Number of protein chains: 2
Amino acid sequence: MRQISSRFSIAVHILSLIAVNPHDCTGDFIATSVNTNPVIIRRIMGMLKKAGLLEVRPGVGGASLLKQPEQITLLDIYRAVNVIEGDQLFRIHEEANVQCPVGRNIEHVLQAEFKAAQTALENRLAKTTLRQLTERFR
Amino acid sequence: MRQISSRFSIAVHILSLIAVNPHDCTGDFIATSVNTNPVIIRRIMGMLKKAGLLEVRPGVGGASLLKQPEQITLLDIYRAVNVIEGDQLFRIHEEANVQCPVGRNIEHVLQAEFKAAQTALENRLAKTTLRQLTERFR
DNA sequence: TTCGTTGAAACTAATATGGTTACAACAAGT
DNA sequence: ACTTGTTGTAACCATATTAGTTTCAACGAA
């Protein structure tokens, strides 16, 4: 199966760097720590910016958090970079045969189950804050 | 983001059909209910077979469950069709810069968090059985 | 004005997905 | 033995996402 994009883990990396070192965090510096291309970093920082998690100083460079690290959860970051239509983690096949009792009800029944599973995942992500993570970078 | 493949929802559909109607469930019949190509169904049935969830009668056609519906959970089905290396739902960027305190520890720290979130999802899937689903197809 | 930076467009390669056609192997009924 | 319907694969194909790259305009400060 296709894994959830490493955009998520990179976004956590970016925000951790800024939280630990609020000054001199340019895109190129972050790219060196992540060990990837600066454009990848800028793209993800653009998403984090759009989500209201950070602001970037154009021209001069550098970024800072718009919330306290204890108020940014993994779920916030996950949502910022996993732009998905309808926020549906699970895909359900469509247009099943309505002539069949199973085909007629499968979508509705699975919607409820998948939503419950997705919520369980998201609730766990919401339990961890950026602060808790940066405390472990010693 | 990329959603979890509809293979999963189709697999649930297939097993539900067989549970509700243990006779005359050929691949073509199932394909008609799912409203897709029979080869798609055969491919997924092959995965379910490999996972020990069902057996197929070659030549004559038809399939039957190898476990009772109350002993097949959504997690069993999920695992059968979501073949992923290491069962890691979340992907983590690799080869971060070890010179940096964040880069040096991010993988280890995120492994634990992502595993916890994935487990929360899987525990929820494990709570629902095929029997509970088929009861709702009335 | 120069320099480093950000933001964005355009492009590429690799991979997963859902679908299709085609065909050999198989088991039953006639 | 032949026919029929089915299963199990292989070989394609189109599409979308992902991660990465090159390029360049715009920006801000020294």
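Note that this is a predicted model, so its numbers are computed, not measured. Throughout, protein chains are lettered first and strands after them, A, B, ... in sequence-line order, and every chain is numbered starting at 1.
If you walk DNA chain C from 5' to 3' and mark each nucleotide with an atom closer than 4.0 Å to a heavy atom of chain A, the marks span C:dG4 to C:dG18. Protein chain A contacts DNA chain D over a range whose 5' and 3' limits, counting nucleotides with an atom under 4.0 angstrom from a non-hydrogen atom, are D:dT17 to D:dG28.
Toward the 5′ end of DNA chain D lies the nearest nucleotide of B:R57, the other residue of the pair B:R57 and A:Q3 mapping further downstream. Each of B:P58 and A:K49 was matched to the nucleotide of DNA chain C holding its nearest heavy atom; the match closer to the 5' end belongs to A:K49.
For DNA chain D, the residues of residues 23-33 of chain B within the heavy-atom distance limit of 4.0 Å (strictly under) are B:T26, B:G27, sorted by number. Near DNA chain D, defined here as any heavy-atom distance below 4.0 Å, there are no residues from residues 94-106 of chain B.
For the pair B:T26 (side chain) and B:F29 (backbone), a donor-acceptor distance under 3.5 Å is present. Not one N or O on the side chain of B:N123 forms a donor-acceptor pair closer than 3.5 Å with the backbone of B:A120. Within the 3.5 Å criterion, the main-chain N or O of B:D28 finds a donor-acceptor partner in the side chain of B:T32. Looking only at distances, no side-chain donor or acceptor of A:Q88 sits under 3.5 Å from a matching main-chain atom of B:Q3.
Contacts classified as ring-ring contact (aromatic ring centres under 6.0 Å, His included) and involving residues 62-81 of chain B (residues at least two apart or in different chains) are given here: B:F8-B:Y78.
Between its two ends, the helix from C:dT1-D:dA30 to C:dT30-D:dA1 turns its axis by 10°, counting five pairs per end and rounding to 10 degrees.
Across all strands shown, B:G62 has heavy atoms under 4.0 Å from sugar-phosphate atoms exclusively, and none from any base.
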